[in-house]
Amino acid sequence: MWTLETVQKVAAVDPAVWRAILRLMVLARKVDEQIIKLCHQGRIHGSSFTGIGQEAISTAAAIASQPQDLFGPCIRNLALHLGRGETPLGIMRQVLARSEGATGGRDGNIHHGRLENGVYAMISHLGAMISVVAGGVMAKRRQGIQSVGVAFVGDGTTSTGDFHEALNFAAVFDIPILVIIENNHYAYSTPTTGQYRCRRLIDRAVGYGIDGISADGNNAAEMYVTVSEIMEDIRVNPRPVLLEAETMRMRGHGEHDNFKYVPEELLLLYRRRDPINLSVRAMASAKLMNAEEFAALETEIEAEVAAAARQALSEQEPAADTLLRGVYADA
Amino acid sequence: MWTLETVQKVAAVDPAVWRAILRLMVLARKVDEQIIKLCHQGRIHGSSFTGIGQEAISTAAAIASQPQDLFGPCIRNLALHLGRGETPLGIMRQVLARSEGATGGRDGNIHHGRLENGVYAMISHLGAMISVVAGGVMAKRRQGIQSVGVAFVGDGTTSTGDFHEALNFAAVFDIPILVIIENNHYAYSTPTTGQYRCRRLIDRAVGYGIDGISADGNNAAEMYVTVSEIMEDIRVNPRPVLLEAETMRMRGHGEHDNFKYVPEELLLLYRRRDPINLSVRAMASAKLMNAEEFAALETEIEAEVAAAARQALSEQEPAADTLLRGVYADA
Amino acid sequence: MREINYLQGIREGLHYVLEHDPTTLLFGQDVGAFGGAFKLTEGLQEAFGIERVFDTPICESAMLGCAIGMATQGMRPIVEMQFSDFITTALHQLLNNAGTRHYRTGNAVPMVIRAPSGGGSGGGPFHSEELEAFFCHMPGVKVVYPAFPSDARGLMLSAVADPNPVVYMENKTIYRAVKERVSDPFEPLPIGKARVCHEGMDAVVIAYGAMVHEALRAAGELQASDGYEVMVLDLRSLKPYDLDTILSAVSATGRALVVSEGWRTCGFAAEICAAITESAFHLLDAPVRRLTAPDTPVPFSTTLEARYRPNATTIADAVRQLIEF
Amino acid sequence: MREINYLQGIREGLHYVLEHDPTTLLFGQDVGAFGGAFKLTEGLQEAFGIERVFDTPICESAMLGCAIGMATQGMRPIVEMQFSDFITTALHQLLNNAGTRHYRTGNAVPMVIRAPSGGGSGGGPFHSEELEAFFCHMPGVKVVYPAFPSDARGLMLSAVADPNPVVYMENKTIYRAVKERVSDPFEPLPIGKARVCHEGMDAVVIAYGAMVHEALRAAGELQASDGYEVMVLDLRSLKPYDLDTILSAVSATGRALVVSEGWRTCGFAAEICAAITESAFHLLDAPVRRLTAPDTPVPFSTTLEARYRPNATTIADAVRQLIEF
Ligand SMILES: Cc1ncc(C[n+]2csc(CCOP(=O)(O)OP(=O)(O)O)c2C)c(N)n1
Ligand SMILES: Cc1ncc(C[n+]2csc(CCOP(=O)(O)OP(=O)(O)O)c2C)c(N)n1
Ligand SMILES: [Mg+2]
Ligand SMILES: [Mg+2]
């Protein structure tokens with residue numbers, strides 16, 4: 001439920017920021033669509049995961065952030081990677097396991113991140129990255145850097161012990177970290193009713209003595225306003241905050257999953273609430289962008305992404321004889 | 001804060017129950033004192049841990065329970081073991097690593113329990129036993145047995161991932177388990193301010209969608225009334241409940257610890273609130289027991305405990321050549 | 001005789017125990033209506049109901065703890081790790097809680113942990129691990145690792161019947177690739193029995209899991225190209241392992257290669273090497289060799305992963321070296 | 001020259017790195033004002049402040065995760081496990097998160113995990129474990145295990161300076177029992193270097209941690225009673241281990257006994273046996289033998305624990321058998 005205040009804040013969002021938000025969401029969407037294409041062409045080894053339908057959340061955090069901030073993306077945060085400096089070509093190289101990608105083919109799909117962008121490469125073990133981001137922020141603060149952390153988790157991930165340990169740890173040490181729960185109704189095939197029994201997941205915030213805030217994860221402007229306010233607040237008053245963004249995973253868990261277990265009505269509801277469409281409409285009514293401009297943006301981005309895919313496809317996977325390199329860092 | 005209702009309920013506690021409560025608390029206290037004596041005589045291998053000052057909590061649960069109930073005691077629950085059928089001799093054998101003890105000398109001190117009493121032997125890894133009790137209750141229920149579980153944890157243990165996973169798991173499956181947090185102000189040397197930032201630990205209950213209840217852990221009658229009400233409630237309306245009992249660890253973490261880090265005033269405060277003394281006074285004013293009867297009770301129990309210690313001291317540790325036996329259960 | 005694949009073998013084993021033993025239960029993430037990440041448990045919830053086959057939240061420690069609780073109260077729980085890798089979030093429940101319980105208290109803990117393991121299909125570092133060295137190092141825990149559909153069925157029966165915690169390792173890469181003609185009805189396969197699945201006197205390749213099939217291919221290749229007759233021993237159980245059969249094989253051949261797709265240092269192959277050397281030093285014509293994955297995370301790309309995992313070619317090469325020692 | 005004990009050696013190492021490297025931090029449960037469960041860190045918070053040396057809640061996974069975060073942002077965290085045993089609640093942070101990070105991303109993770117290990121003082125099953133086999137099995141992780149106060153100091157410096165996750169194992173039983181005269185100042189001891197701490201040509205005992213001292217006693221006993229000259233090799237680093245020095249010792253003696261107080265199956269001793277056999281088969285006059293703890297939980301009682309742990313007597317017996325093979 002929007003308060004008048006929220007409405008005013010959203011209305012006050014700078015047009016340049018609005019455009020950056022839209023651009024990043026569209027970029028993420030197009031890159032994800034390219035991944036899906038490559039996947040179904042059989043060009044991607046292993047599984048493919050996308051964040052389609054959830055772009056507003058990562059986008060808001062990326063746009064609201066400062067260079068010194070640290071991030072712990074998870075499965076559905078392509079927009080975060082792109083918003084923090086990863087390129088479409090970088091993503092294509094990653095999913096195609098090219099030697100020039102962020103992990104040089106040692107890891108695949110969503111398991112990447114560049115520390116120079118303040119982005120930690122996730123491990124699969126859900127929940128494990130929250131404390132890593134917290135520790136990173138703690139270290140930066142000790143070096144006098146006003147860093148803030150953002151860790152993303154799914155609804156399912158809130159059941160892990162790691163989620164709990166990290167939040168409690170961050171609370172005890174007043175670590176400025178925003179933990180965003182992307183509640184997309186499902187953890188793989190398991191609906192939230194099989195995952196928890198609290199009403200809202202931010203009901204857990206009080207148990208850590210921290211603030212818990214809800215937001216509409218499909219409304220980019222609201223997400224942006226909410227996330228930037230929290231980030232700027234905890235930047236000066238360091239402490240963790242829990243934010244639950246309601247959204248929907250618009251595809252299967254991965255591309256191998258036909259998600260028949262999701263009721264059609266739910267998908268329909270969220271198809272009507274697509275974050276990009278919502279933003280385009282909002283921007284249109286605010287006269288920030290017209291249909292033509294949007295079409296041009298899409299075309300431009302599509303071309304960029306297609307070029308990235310072509311480039312990455314022309315490249316190689318790492319040479320087999322590099323297998324043993326770099327297990328340890330050299331002294 | 002007591003409501004009139006609580007006062008009335010406590011007043012209505014059956015005299016026989018009152019006596020059983022007091023007896024069990026005194027028994028636990030005397031056994032613990034005996035352990036301390038043996039420890040300082042150098043007769044106990046390794047560390048010794050006691051529950052002195054916290055007897056009311058375990059006692060209430062033991063007395064409120066039914067035979068089919070299951071328990072996950074932790075460090076400070078001697079009274080629970082005794083209340084569920086373990087004998088002073090059994091405890092002496094356990095702490096002295098005698099071959100006739102519950103673990104036959106394979107484990108020591110508090111690491112014991114008898115399944116025939118519905119009591120699981122803890123492992124040291126804090127928090128790990130909650131889900132075990134939950135699973136045990138789940139199994140009993142599937143066999144048509146109206147079992148209820150009670151797991152005990154300390155304030156420090158609430159920081160573990162296991163605490164969180166087990167409570168969430170129990171909530172999702174409506175498992176009737178009462179998790180009692182014995183908040184004794186310290187986890188080893190660490191005060192609660194270094195452990196969590198919520199106001200009360202039951203603030204976590206809402207995050208699991210379950211009830212959270214506070215009680216005075218040093219008031220045996222209140223504990224008994226509270227615990228028995230919860231246990232009977234969840235026996236018929238199965239679901240987990242979180243109960244925080246405020247109390248104080250009146251000795252070091254173990255007997256090796258001089259607990260200098262505890263402010264003297266805090267100990268003083270709780271020395272005045274000793275659960276046994278409080279009960280004796282309450283029973284005296286309710287004319288349930290006079291000073292003479294109490295003295296007789298103490299004498300009787302002291303004799304029993306001393307005899308148990310003598311007996312156990314006269315026995316042997318397990319023979320070295322039994323080392324390899326029983327790692328696996330035979331088919 | 002019907003032909004079934006490895007995955008079906010596991011599923012038939014599960015179906016059998018759920019049907020014949022009312023104390024069994026199967027749970028894990030998405031194992032119910034969805035049928036599991038590999039569709040291995042498909043149909044089981046439908047057949048046995050949501051009380052017997054059910055989904056859990058994402059909480060490996062609580063899942064294992066719950067299984068211990070059930071196992072000590074008359075049930076025989078079977079817990080699926082969605083991927084073997086994720087058990088590292090909760091090893092204390094296996095090592096410390098389940099593994100020590102009988103020794104400490106005399107209470108049996110009959111539970112099975114299904115651990116889909118192994119690389120070869122682009123799972124990357126966190127969906128491909130082979131953790132048998134961890135499991136086998138744990139007192140009180142048993143470990144089985146079938147390589148064939150029939151053994152998968154038989155070992156499931158034995159694992160579930162066993163009164164101890166048993167890690168039932170499954171290799172994901174061979175789920176659908178390995179097929180076998182099997183007969184019905186089927187029987188428990190005793191834990192701890194290896195099987196010679198290819199005869200030969202020039203050397204023995206000791207393997208388990210997916211590596212058995214690579215070893216068999218290598219044996220075929222060596223026969224065709226070099227005329228070598230290489231025995232292939234499928235361990236099937238890793239703890240306890242079948243030292244008698246291993247020693248017979250070593251005594252028959254004098255040369256042994258141990259193959260594992262687990263990491264080299266402190267891996268399971270080291271155990272077998274050490275055991276053979278200790279017990280059959282005088283029977284050896286050449287040192288026992290290990291062929292394992294290197295000590296690197298399991299790499300994602302096809303190029304690296306192909307180099308990472310032992311295969312028929314690298315096995316054949318190692319056997320040649322061993323024979324020509 | 002001052003005499004210090006093993007615990008003091010570790011503390012002096014910690015003191016040194018905290019003093020000389022402002023990026024170091026030390027944290028764990030009760031390590032601050034209280035000085036840790038063994039009083040090992042006593043005085044360090046006082047000396048370096050609560051920002052550098054601090055207590056944490058009870059959350060091994062968050063502690064290790066936090067250390068990874070710090071290590072990747074220019075700090076060198078040192079995390080204490082109150083007891084090594086409790087790391088099994090969070091092995092994924094070490095194996096999967098810290099251990100794979102450099103390989104996957106090229107980002108170094110310089111962190112040290114202090115792991116007070118080993119039995120012998122009535123710790124029982126959960127306060128006595130020796131988990132080096134787990135640690136050494138992990139790609140990307142290094143493992144050191146000093147046996148002497150001077151090595152404890154030197155290895156702490158090297159572990160902290162190393163750009164990788166290093167598990168620094170410490171044996172609790174020798175904290176105060178083992179003393180040594182040491183000189184100041186002290187220097188880093190390179191990781192990966194074993195040391196011959198007793199010369200001999202009849203056999204070599206390869207040991208680490210507390211077992212080095214048992215082996216030295218055994219060597220003395222064997223000299224006195226049988227006239228055997230037994231070399232004792234202290235590995236000091238377990239991953240990487242010093243294969244060159246091991247092989248020299250084997251080549252000099254022809255007979256090797258590997259001693260470990262860890263569990264036998266898939267233990268670290270198996271690794272050393274396998275490595276020796278693979279690399280020095282022709283140098284061996286007798287099979288390499290392992291003397292380890294049996295595959296049982298670490299028992300509590302003095303009687304059982306005395307039988308459980310290898311000691312000077314059982315080592316001497318095993319060496320005799322080896323020499324008389
Ligand atoms: C500790 C752990 N257990 C199990 C898994 C397997 N797994 C991967 S994703 C997933 C579901 C995640 O759901 P959620 O957190 O809601 O994220 P979403 O996919 O919806 O974005 C599961 C069970 C895992 N990665 N880690
Ligand atoms: C997972 C784990 N980490 C660390 C320890 C070491 N440890 C044993 S008791 C203890 C403090 C427990 O405090 P609390 O839960 O408050 O219980 P209390 O002793 O106060 O009853 C610690 C840190 C442990 N047993 N398990
Ligand atoms: Mg989700
Ligand atoms: Mg406490």
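Below, read A as the first sequence line, B as the second, and so on, with proteins coming before strands; counting in each chain starts at 1.
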Would B/Ile123 and C/Arg101 count as a side-chain contact (heavy atoms from CB on, under 4.5 Å) here? Give the steps. CA-CA 9 Å; B/Ile123 66 167; C/Arg101 196 153 288 275; 3.9 Å; yes
Measure distances from C/Val109 to the heavy atoms of chain B and classify the residue's part below 4.5 Å as side chain, backbone, both or neither. neither
Can you tell me if CD on B/Glu116 sees more than 12 non-hydrogen neighbours from other groups inside 6.0 Å? yes
Side chain / backbone / both / neither for C/Glu60 at chain B, heavy atoms under 4.5 Å: backbone
With only heavy atoms counted, which part of C/Asn97 is less than 4.5 Å from chain B, the side chain, the backbone, both or neither? both
Assert top hit (heavy-atom pairs under 4.5 Å, partner chain C, pool B/Asp162, B/Leu167, B/Val172) equals B/Asp162
Side chain / backbone / both / neither for C/Leu25 at chain B, heavy atoms under 4.5 Å: side chain
On the 0 to 90° scale, with breaks at 30° and 60°, tag the B/His125-C/His92 ring pair as parallel, tilted or perpendicular. parallel
Heavy-atom cut-off 4.5 Å, strictly under: side chain, backbone, both or neither for C/Arg52 against chain B? backbone
Residues from residues 322-331 of chain B approaching chain C under 4.5 Å (heavy atoms): B/Leu323, B/Arg325, B/Gly326, B/Val327, B/Tyr328, B/Ala329, B/Asp330, B/Ala331
Pairwise side-chain contact, C/Pro57 with B/Asn168, heavy-atom cut-off 4.5 Å (strictly under): yes
Do any N or O atoms from the side chain of B/Arg106 and from the backbone of C/His102 form a donor-acceptor pair under 3.5 angstrom? no
More than 12 heavy atoms of other groups within 6.0 Å of C/Glu19 CD: yes
Taking every non-hydrogen pair under 4.5 Å, which of C/Gly106, C/Pro22, C/Ala71, C/Gly140 racks up the most with chain B? C/Gly140
Taking all non-hydrogen atoms of both residues, which atom of B/Gly135 and which atom of C/Met70 are closest, and how far apart? O-CG, 3.3 Å
Which bit of B/Ile175 is near chain C, if near means a heavy-atom gap under 4.5 Å: side chain, backbone, both or neither? neither
Assert top hit (heavy-atom pairs under 4.5 Å, partner chain B, pool C/Thr100, C/Thr72, C/Ile68) equals C/Thr72
Does any backbone or side-chain atom of B/Val133 lie under 4.5 Å from a heavy atom of chain C? Answer side chain, backbone, both or neither. neither
For the interface with chain C, which of B/Leu115, B/Thr103, B/Asp107 has the highest count of heavy-atom pairs at distances below 4.5 Å? B/Leu115
Rounded to the nearest 0.5 Å, how far does CZ of B/Phe173 lie from OG1 of C/Thr56? 6.0 Å
Taking all atoms of both residues into account, what is the closest heavy-atom pair of C/Gly69 and B/Tyr120, and its distance? O-OH, 3.1 Å
Please answer whether the main-chain N or O of B/Ala128 pairs with a side-chain N or O of C/Gln93 as donor and acceptor at a distance below 3.5 Å. yes
For B/Glu232, is the CD atom crowded, meaning more than 12 foreign heavy atoms sit under 6.0 Å from it? yes
Distance col, row B/Ile130:CD1 vs C/Ser61:OG, nearest 0.5 angstrom, shows 9.5 Å
Could you state the interatomic distance from OG (B/Ser131) to CG (C/Leu64), rounded to the nearest 0.5 Å? 8.0 Å
So, taking the atom named CE in C/Met63 and the one named CD in B/Glu165, what distance separates them when rounded to the nearest 0.5 Å? 9.5 Å
Report which part of C/Asn96 has an atom under 4.5 Å of a heavy atom belonging to chain B: side chain, backbone, both, or neither. both
If you measure from CZ on B/Arg141 to CD on C/Gln73, what distance do you get to the nearest 0.5 Å? 13.0 Å
Looking at B/His111, B/His112, B/Gln143, B/Arg114, which makes the most heavy-atom pairs under 4.5 Å with chain C? B/Gln143
Looking at B/Leu313, I want to see if its CG is surrounded by more than 12 non-hydrogen atoms of other residues, nucleotides or ligands under 6.0 Å. yes
In terms of heavy-atom pairs under 4.5 Å with chain B, which of C/Val141, C/Asp162, C/Thr89 leads? C/Val141
